[in-house]
Amino acid sequence: PLIEPDRQISRIRLSDKDSCFRPREVSRSHTQPYQPEGLVQVLVGEPYQEAQQNVRAAAVKNTDETGWKQAGKKRWLWLAATQTAACFKVCVGRGKAALGELLGEAIQGIVCSDRWSAYNQLDLFCRQLCWAHLKRDFQKWIDRGGVAGLAIGGAGTEAIRRIFALWRDFRERRMDRSALQAALRPVQEELRAALETGASCDDVRVRRFCRNVLAVYPALWTFARVGG
């Protein structure tokens, strides 16, 4: 993984034995003060750009963001990763503009993410929602209790149990993609029914959650039709 060379450079450490260090590539007068950040920019700038281009062009990429500090100021550390490369970028914001800084203005391929609003600019059929995030969400409803919360939490965790079991069978080649899609259909229908019931319940928080998930429902199932 590479961190953007012009930000948070001090977090990268280079060994004197680092294979990417070649003295002939960096000229510095002995009278000039030693500037390790400038040296790192020279050494990793090109690889970073290459990794960023590869991630942007990838057919499938996983993205996430988290809070960050830079010179005492609030920032956001964004990540986009594929099976072969990872690209980090420190951004001022957490919205649509920051996602464009990471993945480019014309975002390509399938983006796997949570349900954060910055991703709403993407077509639902170009998204895959993170089931690990949803698993935590459903468990929270069980932990919270209440009739509506227990109902949607139980339905969600049971759906995820079945989904992960089917996905394991697919990954271990005990079924092909068409069989996976067929086996998922009843799970999709039952989970949708549970969410629709929750979307009209009396519990405001459960109702809002269910409506939010239904709004992006097609993006829960992209993995069944797209490899990677």
Side-chain angles (χ1 to χ4, degrees), residues 60-69 74-81 91-100 102-103 107 110-171 180-226:
V60 179
K61 62 217 71 180
N62 295 279
T63 62
D64 204 357
E65 74 291 329
T66 189
W68 197 252
K69 288 286 187 180
K74 179 71 173 180
R75 295 290 185 268
W76 293 92
L77 178 64
W78 285 76
L79 162 69
C91 298
V92 173
R94 194 189 176 195
K96 179 179 179 180
L99 183 61
L102 179 70
L103 296 180
I107 297 175
I110 304 295
V111 176
C112 305
S113 71
D114 57 19
R115 292 182 290 114
W116 176 239
S117 60
Y119 302 102
N120 290 342
Q121 62 183 293
L122 304 174
D123 187 285
L124 289 177
F125 291 95
C126 294
R127 295 180 65 184
Q128 170 60 56
L129 293 185
C130 175
W131 279 101
H133 280 80
L134 284 167
K135 183 178 181 180
R136 292 198 296 268
D137 289 338
F138 288 127
Q139 185 60 49
K140 286 178 182 177
W141 290 118
I142 294 176
D143 296 340
R144 174 178 177 263
V147 175
L150 288 172
I152 192 58
T157 53
E158 172 60 17
I160 289 174
R161 183 193 66 78
R162 294 163 65 186
I163 290 165
F164 283 11
L166 290 170
W167 181 247
R168 182 173 58 252
D169 288 345
F170 173 73
R171 291 291 298 271
L180 172 66
Q181 292 170 344
L184 282 171
R185 288 190 191 106
V187 184
Q188 293 172 309
E189 293 170 0
E190 291 169 23
L191 181 57
R192 178 185 283 278
L195 288 166
E196 289 174 343
T197 298
S200 59
C201 73
D202 294 331
D203 189 314
V204 174
R205 293 175 62 186
V206 172
R207 185 166 68 239
R208 181 168 57 247
F209 168 77
C210 292
R211 289 177 179 178
N212 287 342
V213 175
L214 285 169
V216 291
Y217 200 69
L220 270 66
W221 311 101
T222 305
F223 74 93
R225 61 179 177 83
V226 178

- Query: Would you find a donor on one side and an acceptor on the other, under 3.5 Å apart, between the side chain of R207 and the backbone of C201?
  - Reply: yes
- Side-chain donor or acceptor of Q128 paired with backbone N/O of T222 under 3.5 Å: yes
Atom of [X], atom of [Y] and distance for their closest heavy-atom approach:
{"X": "L124", "Y": "A215", "answer": "CD1-O, 3.6 Å"}
{"X": "L77", "Y": "W68", "answer": "CD2-CZ3, 3.4 Å"}
{"X": "W78", "Y": "A98", "answer": "NE1-CB, 3.5 Å"}
{"X": "L184", "Y": "I163", "answer": "CD2-CG1, 4.0 Å"}
{"X": "P186", "Y": "A182", "answer": "CD-O, 3.5 Å"}
{"X": "R94", "Y": "A118", "answer": "O-CB, 3.6 Å"}

- In sequence, state the C-alpha distance, the side-chain angles, and the governing distance for V92 and R75, and then conclude on side chain to side chain contact (heavy atoms under 4.5 Å, CB included). CA-CA 5 Å; V92 173; R75 295 290 185 268; 4.0 Å; yes
- Message: Measuring centre to centre across the rings, with the benzene-like ring taken for any Trp, is W167 within less than 6.0 Å of F170?
- Response: yes
Drop me the distance from [X]'s [atom1] to [Y]'s [atom2], to the nearest 0.5 angstrom.
{"X": "K140", "Y": "R205", "atom1": "NZ", "atom2": "CZ", "answer": "10.0 Å"}
{"X": "D203", "Y": "R144", "atom1": "CG", "atom2": "CZ", "answer": "4.0 Å"}
{"X": "L191", "Y": "I160", "atom1": "CG", "atom2": "CD1", "answer": "8.0 Å"}
{"X": "I107", "Y": "Y119", "atom1": "CD1", "atom2": "OH", "answer": "9.5 Å"}
{"X": "K74", "Y": "K69", "atom1": "NZ", "atom2": "NZ", "answer": "6.5 Å"}
{"X": "R192", "Y": "E190", "atom1": "CZ", "atom2": "CD", "answer": "13.5 Å"}

Answer yes or no: are there more than 12 heavy-atom neighbours, outside [X] itself, under 6.0 Å from its atom [atom1]?
{"X": "R225", "atom1": "CZ", "value": "yes"}
{"X": "F125", "atom1": "CZ", "value": "no"}
{"X": "D143", "atom1": "CG", "value": "yes"}

Any side-chain heavy-atom pair from [X] and [Y] closer than 4.5 angstrom?
{"X": "R115", "Y": "V213", "answer": "yes"}
{"X": "Y217", "Y": "Q188", "answer": "yes"}
{"X": "N120", "Y": "R127", "answer": "yes"}

Donor-acceptor pairs are to be reported for all side-chain atoms of residues 145-158 against protein atoms at under 3.5 Å, with residues two or more places apart or in another chain.
| unit_1 | atom_1 | unit_2 | atom_2 | d |
| --- | --- | --- | --- | --- |
| T157 | OG1 | G153 | O | 3.0 |
| T157 | OG1 | G154 | O | 3.1 |
| E158 | OE1 | R161 | NE | 3.1 |
| E158 | OE2 | R161 | NH2 | 2.7 |

Compile the donor-acceptor pairs under 3.5 Å between side chains in residues 129-136 and protein atoms, sequence neighbours left out, one pair per line.
| unit_1 | atom_1 | unit_2 | atom_2 | d |
| --- | --- | --- | --- | --- |
| W131 | NE1 | L220 | O | 3.0 |
| H133 | NE2 | R136 | NH2 | 3.4 |

